[in-house]
Amino acid sequence: MAEAEAPLVRVVREGDVVWLTLDRPERLNAVSLEMRDDLWSALTLLRDDPTVRCAVLHGEGRAFSAGADITEFGTAPTILDARDARRARDLWGVMSTLPVPLVAAIHGFAYGAGLEMSLYCDIRIAADDARFALPEVTLGYIPSAGGTQTAPRHLHRSDALRLVTSGDALTATEAFEAGLVHAVVPTAALLDTARTWAERIAARPAEATRAAKRAILEGIDLPLAAGLALERRLADALNS
Amino acid sequence: MSVSLAFEDSVVIITLAPEAGRHNRASVAALGDAAKYIAGRLDGPNALRAVVVTGDFGCGWTDDALAESDGVPGVEALGAGVQALADMPQPVVAAIAGVCHGPGLEIALACDIRLAATTATFAAPETALGTLPRAGGTQRLPRAVGRAQALRLLLTGDTIDAKEACRIGLVSSVLAPSEVATEARALAARIAGRGPIATRMGKEAVQRGAEMTLEQALRYETDLTVLLQSTADRAEGVRAFAAKRPPRFTGR
């Protein structure tokens with residue numbers, strides 16, 4: 001994969017691991033339309049490059065991402081245009097089906113779309129200063145980068161409903177206790193910890209790792225018998 | 001009265017008081033009637049935005065309820081009131097301070113968010129009586145805590161304390177007995193202060209979307225999001241954020 005220098009999402013390859021850096025620190029990495037486009041480019045490159053064995057997503061500056069760029073709300077000509085645009089370029093669909101294992105390294109705010117991006121990752125490492133929330137209802141709307149669907153798939157239902165309907169924030173420790181993140185580390189150790197996880201994943205046989213991720217992501221939405229059949233097909237393909 | 005209502009601004013508090021802690025056809029019917037009444041008050045100046053369920057959740061069914069004829073008529077009558085609670089569009093917070101067993105647990109599971117006092121205990125003792133939960137317990141418990149913990153509770157009938165209930169995800173917080181109802185009312189008041197259409201759709205997206213494949217559910221979320229873009233509340237929320245002032249939601 002060629003290293004791309006995208007303005008708002010930096011893509012840097014270190015061996016078998018790709019680092020995706022949200023790079024709009026002056027706006028706490030708020031997800032603008034331009035950042036969506038850059039993330040789309042970065043993720044489709046990842047999707048189409050079989051040599052990438054793991055990727056790490058993190059934020060430049062003081063936060064992972066503070067959420068959607070609210071200054072751009074209401075810029076679509078009509079709400080039907082807004083719906084068509086989301087369907088035409090399905091960024092979160094690409095992220096939710098990405099074959100490459102994804103590690104999120106989260107510090108500062110992971111609010112709204114920031115938290116939702118991390119919920120598409122397979123491993124979430126939090127710095128002890130990280131804060132998590134889905135504050136959309138405080139502004140009269142709901143999470144729209146998949147959070148109403150991914151949060152209850154990672155959390156217990158009561159915790160997911162509290163996040164979504166109250167907009168209340170969780171500290172890193174609360175997020176760990178709720179099962180939202182896999183580990184909490186000192187902020188200074190965040191990137192090194194994420195690198196260790198990513199390199200450990202990258203060192204394993206790539207085909208098996210990708211097959212395991214696919215078996216879980218596709219299988220969980222299937223009836224058990226169909227999920228078991230999918231697992232058998234993927235295992236047979238690895239053995240042959 | 002086995003069910004009473006109190007109102008604090010746009011929050012309604014349902015207090016459960018089944019006689020001797022045992023539910024029967026009348027007590028769950030009263031709960032169902034309360035739920036339907038609240039569900040009917042979504043709009044207007046006296047709209048209800050969030051719900052707290054508190055009081056005595058109960059330890060079991062009365063002998064009369066257990067003697068209801070097997071088969072569809074009896075079982076459905078006992079489950080209908082709890083179903084009406086689960087069907088309420090407004091977010092529902094349970095504040096559980098004592099025994100929450102059998103139908104009490106099923107009522108708690110029909111709520112959206114569960115908070116417990118250190119004094120709360122939880123159990124699904126039905127199989128010891130040779131029966132099954134009949135108000136949704138076998139379906140809502142695994143959706144709340146996952147299959148392994150649900151089967152453990154359903155197959156053993158074991159009683160667990162609040163700390164264990166929090167560990168397995170059945171409740172979201174454990175608080176002092178004097179604090180749980182206050183905290184539940186404060187949480188409900190925060191929810192009631194958010195965009196009311198958004199909190200209802202957020203609940204709907206989570207509860208309905210969990211029954212779909214992720215791909216279908218993401219499309220569903222997008223459609224609800226686009227629908228919300230047509231509301232005055234969403235425009236007000238964005239304006240208020242830009243002006244750094246609290247939003248004034250009208251439910252439109």
Side-chain angles (χ1 to χ4, degrees), chain A residues 68 70-74 76 78-87 90 92-93 95-97 116 120 134-153 155-168 170 174 177-179 217-218 220-222 224, chain B residues 50 91 93-94 111-115 140 143-146 166 168-172 187 190-191 193-199 201-203 205-207 209-210 212-238 240-242 247 249:
Chain A
I70 290 168
T71 62
E72 292 182 342
F73 277 26
T78 71
I79 60 174
L80 292 178
D81 290 331
R83 183 173 187 264
D84 290 343
R86 282 169 176 274
R87 293 274 162 87
D90 184 10
W92 309 122
M95 200 168 185
S96 68
T97 55
E116 293 172 276
Y120 290 117
L134 294 171
E136 287 83 354
V137 289
T138 65
L139 301 185
Y141 62 104
I142 60 172
S144 55
T148 67
Q149 305 310 315
T150 49
R153 283 165 169 81
L155 295 168
H156 292 298
R157 193 75 67 95
S158 175
D159 295 333
L161 281 159
R162 178 156 71 169
L163 270 183
V164 169
T165 62
S166 74
D168 286 354
L170 298 180
E174 289 167 337
E177 285 169 356
L217 290 189
E218 289 183 28
I220 199 121
D221 281 332
L222 294 173
L224 180 60
Chain B
V93 181
C111 300
D112 300 309
I113 304 167
R114 285 169 291 282
L115 309 181
R140 292 199 181 98
R143 284 164 171 79
V145 299
C166 194
I168 68 173
L170 180 58
V171 303
S172 288
L187 174 58
R190 285 200 299 281
I191 293 170
R194 311 313 190 201
I197 307 172
T199 56
M201 285 193 177
K203 167 176 175 167
V206 171
Q207 298 283 27
M212 304 176 187
T213 67
L214 180 62
E215 186 193 6
Q216 293 168 332
L218 291 173
R219 291 180 76 97
Y220 183 53
E221 183 193 85
T222 297
D223 284 348
L224 291 176
T225 295
V226 170
L227 198 54
L228 271 167
Q229 290 177 0
S230 71
T231 65
D233 278 352
R234 197 257 202 182
E236 162 63 11
V238 175
F241 183 82
F249 295 120

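Keep in mind that this is a model prediction, so the values were computed, not measured. In what follows, chains are A, B, ... by sequence order, proteins preceding strands, each numbered from 1.
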Let me know which of B/Ile113, B/Thr199, B/Ile191 forms a side chain to side chain contact (heavy atoms under 4.5 Å, CB included) with A/Ser166. B/Ile191

Can you tell me which of B/Gly169, B/Ala232, B/Gly195, B/Ala242 forms the most heavy-atom pairs within a distance under 4.5 Å of chain A? B/Gly169

Is chain B contacted by the side chain of A/Ala151, its backbone, both, or neither, given a heavy-atom distance below 4.5 Å? neither

Could you tell me if the side chain of B/Leu214 sits less than 4.5 Å from the side chain of A/Leu217, heavy atoms only? no

Any idea which heavy atoms bring A/Leu139 and B/Phe241 closest together, and the distance? CD2-CB, 3.8 Å

Contact between A/Arg157 and B/Val206 at the side-chain level, heavy atoms closer than 4.5 Å - yes or no? yes

Please indicate whether B/Glu215 has more than 12 foreign heavy atoms, meaning atoms of other residues, nucleotides or ligands, lying under 6.0 Å from its CD. no

Would you confirm whether B/Thr213, through its side chain, and A/Asp221, through its main-chain N or O, come within 3.5 Å as a donor-acceptor pair? no

If you count heavy-atom pairs within less than 4.5 Å of chain A, which of B/Gly237, B/Gly209, B/Ser172, B/Pro247 leads? B/Ser172

Between A/His156 and B/Ile168, is there a donor-acceptor pair closer than 3.5 Å when you use the side chain of the first and the backbone of the second? yes

Rounded at 0.5 Å granularity, tell me how far OG in B/Ser230 sits from CG in A/Leu80. 10.0 Å

Can you name the nearest heavy-atom pair linking B/Lys203 to A/Leu161, along with the distance? CA-CD2, 4.0 Å

With rounding to the nearest 0.5 angstrom, report the OG1 to CD distance, A/Thr150 to B/Glu221. 7.5 Å

Here the gap from A/Thr78 atom OG1 to B/Gln229 atom CD, rounded to the nearest 0.5 Å, amounts to 9.5 Å

Which heavy-atom pair separates A/Ile142 from B/Ala198 by the least distance, and what is that distance? CG2-O, 3.2 Å

d(B/Met201 CE, A/Tyr141 OH) to nearest 0.5 Å is 15.5 Å

Per-residue tally against chain A (heavy atom, under 4.5 Å) across B/Ala235, B/Gly202, B/Ala217 peaks at B/Ala217

Measure distances from B/Gln207 to the heavy atoms of chain A and classify the residue's part below 4.5 Å as side chain, backbone, both or neither. both

Select, from B/Asp223, B/Asp233, B/Val93, B/Leu227, the one with the greatest count of heavy-atom pairs under 4.5 Å involving chain A. B/Asp223

Rounded to the nearest 0.5 Å, what separation is found between the CE atom of A/Met95 and the CG atom of B/Leu218? 12.5 Å

Could you check if a side-chain atom of B/Leu115 sits within less than 4.5 angstrom of a side-chain atom of A/Arg162, using non-hydrogen atoms only? yes

Residues at least two apart in sequence or cross-chain that pass salt bridge (Lys or Arg N to Asp or Glu O under 4.0 Å) with B/Arg143, listed by chain then number, are B/Glu211

Please look at B/Arg234 and chain A and tell me whether the side chain, the backbone, both or neither of the residue comes under 4.5 angstrom of a heavy atom of that chain. both

Is it the backbone or the side chain of B/Ile197 that comes under 4.5 Å from a heavy atom of chain A, or both, or neither? neither

Is it true that atom CZ of B/Arg219 has more than 12 heavy atoms of other residues, nucleotides or ligands lying nearer than 6.0 Å? no

Using non-hydrogen atoms only, which part of B/Ala205 is less than 4.5 Å away from chain A: side chain, backbone, both, or neither? both

Contact winner vs chain B - A/Ser96, A/Gly179, A/Pro143, heavy-atom pairs under 4.5 Å: A/Pro143

Taking the side chain as every heavy atom from C-beta outward, state whether B/Asp112 and A/Thr165 have any pair of such atoms under 4.5 Å apart. no

With a cut-off of 6.0 Å (strictly less than), are more than 12 heavy atoms of other residues, nucleotides or ligands near CD1 of A/Ile220? no

For B/Ala240, which atoms come within 4.5 Å of any heavy atom of chain A: side chain, backbone, both, or neither? neither

Heavy-atom pair count under 4.5 Å with chain A, highest-scoring of B/Thr225, B/Val171, B/Thr222: B/Thr225

